[in-house]
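For ligands, and for the atoms within them, numbers begin at 1 and follow the listed sequence. Note that the numbering runs from 1 along the sequence shown for the chain.
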Amino acid sequence: MSVIKLHDKDFEPYITKNKIAKYVQYLANLVAEDLGEKETPIFIGILNGSFMFAADFVREYPYDCHITFVKLASYNGINSSGKIKHLVGLNEDLEGKTVIILEDIIDTGNTLEEIYKIFKDKKVKKLKIATLFFKPDVFRKSLPIDYIGRSIDDKFIVGYGLDYDGLGRNLADIYQLKEN
Ligand code: IMP
Ligand code: MG
């Protein structure tokens, strides 16, 4: 692993794919222990960032489960403040279900807040949040995050699904923005 360039910025190696695999394994086991074998959860990956994490997570999950993906999009038209979000792609009826959200990273918590708002009226049995990465220094909400893979410094990262302006999602390792 060496320094890489995406668009105009340099990124240095930060977390190897082997380490990432450990965090994913840890999270899958944590959720499995919590829910047990009898409860069959529906995992919901938040696109685009969580596609790789979700794919690896469910392969580590030892019991029966469902997996689906949604995208958070801003409303167009009269509500296009860019702040009000809605879900794209949710076809499943979640009433009475155990729903576990799979997020790539939680930063300010704005996205998390939207997720809580959206899922509040879905009459789910249980709503839990699992995030691979968490930036505690920037998190501004008092909302629960149930499962955290790893807390990291407040520095921009790419790789393993995370992008810098569209690039870097395909990298197997995580890289951190280099400060010059
Ligand atoms: P939040 O709403 O501020 O918590 O940010 C959540 C979203 O911002 C994540 O789902 C990512 O898509 C993106 N994001 C936050 N921090 C990073 C980062 O360090 N690298 C890449 N994307 C990030
Ligand atoms: Mg995301």
*Asks:* Is it true that Gly109 lies under 4.0 Å from ligand 1, counting heavy atoms only?
*Replies:* yes

*Asks:* Would you say Ile157 touches ligand 1, if touching means a heavy atom closer than 4.0 Å?
*Replies:*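 Judged by the 4.0 Å heavy-atom criterion, Ile157 does count as contacting ligand 1.
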
*Asks:* Counting from 1, what ligand 1 atoms have a heavy atom of Asn110 closer than 4.0 Å?
*Replies:*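 Numbered from 1, ligand 1 contributes 2 (O), 4 (O).
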
*Asks:* Take every heavy atom of Glu113, measure it against each atom of ligand 1, and state whether any distance is under 4.0 Å.
*Replies:*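 No, Glu113 has no heavy atom closer than 4.0 Å to ligand 1.
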
*Asks:* Below a 4.0 angstrom heavy-atom separation, can you tell me which part of Asp163, side chain or backbone, both or neither, approaches ligand 1?
*Replies:*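 Near ligand 1, Asp163 shows its backbone, while the atoms from C-beta on stay back.
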
*Asks:* In terms of atom number and element, which parts of ligand 1 are under 4.0 angstrom from non-hydrogen atoms of Lys135?
*Replies:*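 Near Lys135, meaning under 4.0 Å from one of its heavy atoms, ligand 1 has 16 (N), 17 (C), 18 (C), 19 (O).
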
*Asks:* Please name the pair of heavy atoms, one in Thr131 and one in Phe133, separated by the smallest distance, quoted to 0.1 Å.
*Replies:* OG1-O, 2.9 Å

*Asks:* Hey, does Asp104 have a side-chain heavy atom less than 4.5 Å from the side chain of Leu132?
*Replies:* no

*Asks:* Does the side chain of Tyr175 pick up a donor-acceptor pair with the side chain of Asp10 at under 3.5 Å?
*Replies:* no

*Asks:* Just to check, does Ile105 reach to within less than 4.0 Å of ligand 1 when the distance is taken from its heavy atoms?
*Replies:*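 Under 4.0 Å: yes for Ile105.
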
*Asks:* Is there a donor-acceptor pair closer than 3.5 Å between any side-chain N or O of Thr16 and the backbone N or O of Lys19?
*Replies:*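 Yes, because the side chain of Thr16 sits within donor-acceptor range (under 3.5 Å) of the backbone of Lys19.
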
*Asks:* Tell me which donor-acceptor pairs under 3.5 Å the side chains of residues 54-68 have, and how far apart each pair is, sequence neighbours excluded?
*Replies:*
residue: Asp56; atom: OD1; partner: Arg59; partner atom: NH2; Å: 2.8
residue: Asp56; atom: OD2; partner: Tyr160; partner atom: OH; Å: 2.5
residue: Arg59; atom: NE; partner: Ala55; partner atom: O; Å: 3.1
residue: Thr68; atom: OG1; partner: Glu92; partner atom: OE2; Å: 3.3

*Asks:* Just heavy atoms, cut-off under 4.0 Å: does Leu162 contact ligand 1 by side chain, backbone, both, or neither?
*Replies:*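 For Leu162, the contact with ligand 1 is made by the side chain alone.
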
*Asks:* List, one per line, each side-chain donor-acceptor pair under 3.5 Å for residues 137-153, sequence neighbours excluded.
*Replies:*
residue: Lys141; atom: NZ; partner: Asn110; partner atom: OD1; Å: 3.2
residue: Lys141; atom: NZ; partner: Glu113; partner atom: OE1; Å: 3.1
residue: Asp146; atom: OD2; partner: Ile129; partner atom: N; Å: 2.8
residue: Tyr147; atom: OH; partner: Asp34; partner atom: OD2; Å: 2.5
residue: Arg150; atom: NH1; partner: Tyr23; partner atom: OH; Å: 2.8

